[in-house]
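I have placed the structure first, in the form of structure tokens, so that the comments after it can refer back to it.
Reminder, nothing fancy here: chain letters follow the sequence lines and each chain counts from 1.
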Amino acid sequence: MTGVRAIKGMHDILPDQTPTWRYLERTVADLLTAYGYREIRFPVLEFTELFKRSIGEVTDIVEKEMYTFEDRHGVSVTLRPEGTACCVRAAEEHGLLFNQVQRLWYMGPMFRYENPQKGRQRQFHQIGVEAFGMEGPDVDAELIALTARLWQQLGIAGALRLELNTIGTPESRAAYRKALLAYLEPHKDKLDADSQRRLSTNPLRILDSKDAATQALLANAPSMRDYRDAESDAHFQGLCALLDSIGVAYVVNDKLVRGLDYYSRTVFEWVTDELGAQGTVCAGGRYDGLVEQLGGRATPAVGFAMGMERLCLLLETRQPQAGSEPMPAIYCVAAGEAAQKAGFALVEQLRNLMPGVGVQLNCGGGSFKSQLKRADRSGARIALILGEDEVAQGVVNIKWLRDVDAGRQAGQQTLPMTDVQAWLSSQLADL
RNA sequence: GUGGACGUAGCUCAAUUGGUAGAGCUCAGGAUUGUGAUUCCUGCGGUCGAGGGUUCGAUCCCCUUCGUCCACCCCA
């Protein structure tokens with residue numbers, strides 16, 4: 001293909017896939033509404049500064065994955081790589097966080113300049129959920145309970161498991177980082193290349209290295225557990241107790257750390273083994289310091305984001321029928337100029353009288369044969385057939401395309417044009 | 001940013017030790033002169049990813065490039 005084409009990593013979502021997307025979006029939106037969360041929408045483009053200050057200057061996202069450019073006035077702007085920072089900015093800017101509790105969600109495209117692979121694109125979509133102004137573990141648990149219920153509703157719960165950890169406060173994390181470094185530095189040569197590099201950039205990330213030798217070395221490393229502050233521990237135990245009380249299963253993974261700088265205390269991930277190397281489908285945590293960091297009044301907050309492409313991949317394998325949308329029930333075949341005209345009037349009238357019923361008119365002409373063929377492929381149950389003869393006599397021929405075995409009359413019947421709507425109503429009622 | 005595999009018809013894929021390519025599905029038409037899903041026949045459809053090189057001649061060999069997929073890194 002030589003003509004125009006999409007940018008690398010930017011995918012089209014085709015008609016065969018949109019029903020799955022709509023099903024996912026609808027299910028999530030309904031559930032969030034039921035939990036009392038309200039949708040917020042904000043721009044795709046923000047000042048670059050916002051992400052540098054929130055995600056962290058030395059993270060991979062900010063250092064090499066952002067779509068950053070100057071606008072026509074030379075101001076640096078960035079296509080959002082994630083939603084939390086934007087959500088905080090928007091909520092703070094409009095006073096939504098002042099002296100009040102706020103439950104928000106959003107949905108839309110995010111952009112990261114990475115090399116594409118399974119479950120990863122440069123433009124991808126997230127649904128994000130954020131809860132502001134509540135510091136106890138009850139909100140953390142509410143968010144996790146909500147996600148667990150969602151997997152249940154979507155029929156993909158069996159593919160997912162919950163990993164949970166607390167990374168403490170920034171202070172306790174700093175102390176642990178120091179201890180970890182002290183332990184690893186003498187064994188630097190035994191670490192894999194990436195982990196050696198991470199010693200200076202992000203030592204905590206060494207914990208989830210995939211290298212066997214590195215993992216062996218980590219077996220005797222100091223545990224984050226021993227450096228955590230008592231309050232974070234209590235918060236975490238509170239969260240675990242709430243999850244236990246409603247039967248949400250989890251595994252505590254004290255090597256779970258998240259890549260974004262703003263997290264504190266609770267972090268969690270829903271992971272699957274069915275998506276190749278990109279197993280994380282939904283992840284989040286608490287970020288009590290972020291609002292203040294961005295210039296607002298100190299406000300506790302928790303949130304998470306789920307990757308919609310990854311969820312769609314899971315849905316396609318676990319629930320291939322999910323979201324399939326009904327085809328029009330009626331297909332009107334109209335051969336000839338007069339019939340086309342009469343058919344057009346007929347289907348518009350049917351649409352007036354039976355708004356919920358799907359009606360499609362054959363457009364673009366064609367023989368009876370080819371029009372019937374299209375009627376069949378459209379998935380319609382009933383074909384209305386109009387030709388010169390029918391128009392002259394003011395009648396319509398009606399033919400069942402499906403359901404003949406289900407007690408429907410085979411063959412076709414002729415009805416006066418004026419009776420068609422009443423007949424259809426009676427027939428379609430019990431379908 | 002790095003590594004591996006792969007780019008042939010709208011889709012899924014063949015073939016050619018270098019002599020300008022085939023099938024299935026789809027689509028259109030016909031057998032059935034006004035009737036779908038099966039069957040049979042016919043037809044439309046390709047600058048063999050792009051650019052350059054070698055050659056009498058390149059889809060095939062060489063170089064470059066772009067893209068896709070998978071993996072690393074990182075993340076949803």
Side-chain angles (χ1 to χ4, degrees), chain A residues 1-3 5-11 14 16 55 58-65 81-84 107-129 147 192-195 197-198 201-202 205-206 208-211 257-260 268-272 275-285 303-314 331 333-336 339 362 364-391 397-402 404 410-412:
Chain A
M1 225 281 265
T2 48
R5 61 183 171 202
I7 293 170
K8 178 173 181 166
M10 308 273 174
H11 287 201
L14 301 177
D16 279 350
I55 298 170
V58 297
T59 56
D60 279 24
I61 291 181
V62 170
E63 278 185 338
K64 50 192 192 197
E65 293 175 2
E82 61 109 29
T84 300
M107 156 170 90
M110 307 293 164
F111 303 85
R112 290 182 202 171
Y113 197 91
E114 301 181 90
N115 263 347
Q117 68 184 76
K118 190 178 179 72
R120 169 190 291 163
Q121 300 164 196
R122 290 185 172 181
Q123 175 175 335
F124 61 104
H125 299 77
Q126 288 185 335
I127 293 180
V129 183
T147 54
D192 59 281
D194 284 321
S195 293
R197 180 176 50 77
R198 283 183 284 216
T201 57
N202 195 344
R205 290 230 64 104
I206 297 174
D208 55 17
S209 166
K210 288 173 185 169
D211 183 75
V257 292
R258 317 261 18 271
L260 285 59
F268 69 92
E269 279 187 12
W270 286 96
V271 295
T272 180
L275 253 40
Q278 304 308 318
T280 305
V281 148
C282 170
F304 67 83
M306 48 191 143
M308 298 180 68
E309 280 78 6
R310 293 179 187 179
L311 285 171
C312 283
L313 285 172
L314 267 188
Y331 191 102
V333 164
N362 184 85
S367 63
F368 277 96
K369 184 188 178 70
S370 66
Q371 291 200 33
L372 257 309
K373 214 172 214 175
R374 282 182 217 160
D376 180 52
R377 304 224 165 121
S378 77
R381 299 171 171 292
I382 292 170
L384 302 181
I385 300 170
L386 279 174
E388 301 298 334
D389 298 348
E390 286 84 351
V391 172
N397 268 309
I398 299 179
K399 180 169 188 169
W400 283 97
L401 297 172
R402 283 167 180 57
V404 172
Q412 66 188 53

NA contact type, A/A375, heavy-atom cut-off 4.0 Å: base, sugar-phosphate, or nothing?
nothing
Rounded to the nearest 0.5 angstrom, the NE2-CG distance for A/H125 and A/L311 is 13.0 Å
Quick note, A/K369 side chain, CB onward, closest among B/rC75, B/rC73, B/rA31 is B/rA31
B/rC75 phosphate, OP1 or OP2: any side-chain N/O from A/R310 under 4.0 angstrom?
no
Base, sugar-phosphate, or nothing for A/S370, non-hydrogen atoms under 4.0 angstrom?
sugar-phosphate
Strictly under 4.0 angstrom, non-hydrogen atoms only: write out the protein contact profile of nucleotides 64-70 of chain B, one letter per nucleotide from the 5' end, B, S or -.
--SSSSB
What pair of heavy atoms forms the shortest contact from A/A277 to A/Q117, and how long is it?
CB-NE2, 3.9 Å
Side chain A/Q371 and base B/rU35 donor-acceptor under 3.5 Å:
no
With salt bridge (charged side-chain N to carboxylate O under 4.0 Å, His left out) as the criterion, how do A/D194 and A/R197 come out once you've worked through the C-alpha distance, each side chain's angles and the decisive distance to 0.1 Å?
CA-CA 5 Å; A/D194 284 321; A/R197 180 176 50 77; 3.4 Å; yes
If you look at every strand shown and take non-hydrogen atoms under 4.0 Å, does A/R377 touch a base, only sugar-phosphate, or nothing?
sugar-phosphate
For A/Q278, report the nucleic acid contact type (base, sugar-phosphate, nothing); a contact means any heavy atom under 4.0 Å.
base
If you round to the nearest 0.5 Å, how far is CZ of A/R310 from CD of A/Q126?
9.0 Å
Donor-acceptor pair (no angle test) under 3.5 Å: A/E390 side chain, B/rG34 base:
yes
Out of B/rC75, B/rC73, B/rU35, which nucleotide sits closest to the side chain of A/D194?
B/rC73
Per A/N397 side chain, nearest of listed nucleotides B/rA76, B/rG34, B/rC73
B/rG34
Would you name the heavy atoms of A/K118 and A/L275 that are closest together and state the gap between them?
CD-O, 3.7 Å
Can you measure from CD (A/Q123) to NE2 (A/H11) and round to the nearest 0.5 angstrom?
10.0 Å
C1'-based separation of B/rC6 from B/rU26 [nearest Å]
25 Å
Both A/R374 and A/Q126 contact RNA chain B. Which one's nearest nucleotide lies toward the 5' end?
A/R374
Contact summary for A/G303 and A/F268, nearest pair of heavy atoms:
O-CE2, 4.4 Å
Upstream residue (5' side of RNA chain B) when A/D389 and A/F124 are each assigned their closest nucleotide:
A/D389
Quantified in whole Å, what is the C1' atom distance between nucleotide B/rU55 and nucleotide B/rC40?
47 Å
Taking B/rU35, B/rC73, B/rC75 as options, the one with an atom nearest any side-chain atom of A/R112 is B/rC75
On the nucleotide B/rC72, are OP1 or OP2 found under 4.0 Å from the side-chain N or O atoms that A/K210 carries?
yes
Where RNA chain B forms runs of at least three Watson-Crick or G-U pairs (i with j, i+1 with j-1, under 3.5 Å), the stems are B:1-7 with B:66-72, B:10-13 with B:22-25, B:27-31 with B:39-43, B:49-53 with B:61-65
Donor-acceptor pair (no angle test) under 3.5 Å: A/R120 side chain, B/rC74 base
yes
Which atom of A/I61 lies closest to which atom of A/P81, heavy atoms considered:
CG2-CB, 3.7 Å
Distance, nearest 0.5 Å, that separates CZ of A/R381 from CH2 of A/W400
7.5 Å
Determine the minimum heavy-atom distance between A/I385 and A/E390, stating which atoms define it.
O-CG, 3.7 Å
